[in-house]
Amino acid sequence: MLIKPSTALRNEYNAISDLCKQKQQPVYLTKNGEGDLVVMSIPAYQFREEMLNLREILLGVEADRLSGAKTDSIDEVDTRLRGLIDEA
């Protein structure tokens with residue numbers, strides 16, 4: 001975990017920006033010794049958002065499956081995918 005005081009954002013912006021980009025991790029900023037903000041690069045943020053969206057989709061599909069919704073067998077999916085590939 002990368003932790004910096006909030007004053008570092010003002011005094012060391014470029015270094016913190018580089019750190020976020022190199023490590024692809026958020027930097028936690030503290031104010032008066034307490035957690036205050038999280039700073040991260042845009043690509044890291046976008047990746048995180050994509051993973052959260054995918055997780056939501058998967059949880060919804062799993063909830064549907066558990067509630068008894070119709071599912072397709074592996075053979076049905078394979079046949080459908082091969083048809084799509086052949087059309088392309």
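Nothing here was measured: the structure is a model prediction, and the numbers come from that model.
- More than 12 non-hydrogen atoms from other residues, nucleotides or ligands lie less than 6.0 angstrom from CG of Leu52.
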Output side-chain donor-acceptor pairs under 3.5 Å for residues 28-42, partner residues at least two apart or in another chain, one line each.
unit_1 : atom_1 : unit_2 : atom_2 : d
Ser41  : OG     : Ala44  : N      : 3.2

Would you mind writing out the side-chain donor-acceptor pairs for residues 79-88 within the sub-3.5 Å range, not counting sequence neighbours?
unit_1 : atom_1 : unit_2 : atom_2 : d
Thr79  : OG1    : Asp75  : O      : 2.9
Arg80  : NH1    : Asp72  : OD2    : 3.2
Arg80  : NH2    : Asp72  : OD2    : 2.9
Arg82  : NE     : Asp78  : OD1    : 3.3
Arg82  : NE     : Asp78  : OD2    : 3.1

Less than 3.5 Å apart, which donor and acceptor atoms pair up between the side chains of residues 7-21 and the rest of the protein, not counting sequence neighbours?
unit_1 : atom_1 : unit_2 : atom_2 : d
Asn11  : ND2    : Thr7   : O      : 3.4
Ser17  : OG     : Lys21  : NZ     : 3.3

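- To the nearest 0.5 angstrom, Glu50 atom CD is 12.5 Å from Arg48 atom CZ.
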**OP:** Go through Leu66 and Glu62 one step at a time and tell me if the side chain to side chain contact (heavy atoms under 4.5 Å, CB included) criterion holds.
**Re:** CA-CA 6 Å; Leu66 292 173; Glu62 182 65 5; 3.9 Å; yes
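- Of all heavy-atom pairs spanning Val27 and Lys4, the tightest one is CG1-CG, 3.7 Å.
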